[in-house]
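Written below as structure tokens is the structure these notes are about.
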Amino acid sequence: MNPRWNGQFSRFDLVSRSGAPHRSIVRVGEIEIGGDDFVVIAGPCAVESEDQLLRTAEAVAKAGACLLRGGAYKPRSSPYSFQGLGVDGLKILRKARQQTGLAIVTEVMSEEDVGVIAEYADIMQVGTRSMQNYALLGALGRCGRPVLLKRGMTATLEELLCSAQILATAGNRDIILCERGIRTFETATRNTLDIAAVPVLKTVSHLPVIVDPSHAAGVRSLVPVLARAAAVVGADGLLVEVHPNPDHALSDGEQSLTFREFGEMMDDLDPYLALRQEARRLRPRLVAVGGAD
Ligand code: PEP
Ligand code: MN
């Protein structure tokens, strides 16, 4: 362990990894996030209609995703953009779960909505804009659902782990960290995927770490290659946007994969995941810490 990281992060005692090779696994039914499996969460940015979501749910399930994402409450930068269907969107998500068996991940933006969203969601997503909404984190402490905590777009890893510690202190230890790209001077991509965040977080924390290549890239052509990078650096899974007709999506169409592209991305990951399994078998110590110590 790099001594600097140890000093920087060990004060977050509920989420940091203090020497022992212990790892947390977040369980949702049969699904284990943070264990041996590479878990893919996929679906549209926003729930737009029953037809859109059910078709997407079936397509991503068939391609190997085991959780369905879709926002019913959307944090849009513009007041003129589609804001989400609210409770009607949650009902559509529930129907998709009934039809496909996929577990549901959806965003919560306000502490007032925690109760209702927890009735429908299997995992509560905290978006990049809310990572430091401490009232929300406090309310999620006792929501009874795991939390997918996205890194703030201008947050350091220390601040991300500080928010995780706040959640854990409030009573919720089922936390999944998500690297989704940060703001830098670079404009060729929507955000800069901080790929080193994965091995750093896996070294200093016992929590599962997933990568969102969609919001990092901002364009769909880069999503598969960033997904591959995530698999190779030891991420526990992905959060990927998929839409039946991205050109007509009500949000984040440019970065959403079509069904065919998502299927190809999943197939394309196979050899990398097989290699990872093999490396884990041959060099368990190195792979366990993402090769970072
Ligand atoms: C999303 O997942 O659609 C989303 C709004 O993500 P982020 O908070 O990372 O921008
Ligand atoms: Mn989105």
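In each ligand, atom 1 is the first atom listed, and ligand 1 is the first ligand listed.
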For [atom], what's the nearest protein heavy-atom neighbour? Residue, atom name and distance, please.
atom	result
atom 4 (C) of ligand 1	His215 NE2, 3.4 Å
atom 2 (O) of ligand 1	Arg69 NH1, 2.7 Å
atom 10 (O) of ligand 1	Arg180 NH2, 2.9 Å
atom 7 (P) of ligand 1	Lys150 NZ, 3.5 Å

Would you mind running through ligand 1 and noting each atom that sits below 4.0 Å from a heavy atom of [X]?
X	value
Cys45	3 (O)
Lys74	1 (C), 3 (O), 5 (C)
Gly127	8 (O)
Glu107	5 (C)

For a 4.5 angstrom cut-off between non-hydrogen side-chain atoms, does [X] reach [Y]?
X	Y	value
Leu85	Tyr73	no
Thr203	Phe9	no
Met124	Ile117	yes
Ser163	Leu149	yes
Pro44	Glu241	no
Glu254	Arg190	no
Met131	Lys150	no

- Check Met153 against ligand 1 and report side chain, backbone, both or neither, counting heavy atoms closer than 4.0 Å. neither
- Options Val105, Thr128, Val240, Asp212, ranked by nearest heavy atom to atom 8 (O) of ligand 1, top entry: Thr128
- Kindly state each residue pair satisfying ring-ring contact (aromatic ring centres under 6.0 Å, His included) with at least one member in residues 185-212, sequence neighbours excluded. His22-His206
- Note on the structure: Protein-derived N, O or S atoms lying less than 2.8 Å from the Mn ion (ligand 2), waters not counted, sum to 4
- Task: Examine the side chains of Asp13 and Gln165 and answer whether a donor and an acceptor come within less than 3.5 Å of each other.
- Result: yes
- Message: Other members of the hydrophobic cluster containing Val26, with the 4.5 Å side-chain heavy-atom rule, please.
- Response: Val28, Ile31, Ile33, Val39, Ile41, Leu67, Val105, Ile123, Leu148, Ile176, Ile210, Leu239
- Query: What residues, two or more places apart in sequence or in another chain, satisfy salt bridge (charged side-chain N to carboxylate O under 4.0 Å, His left out) together with Asp174?
  - Reply: none
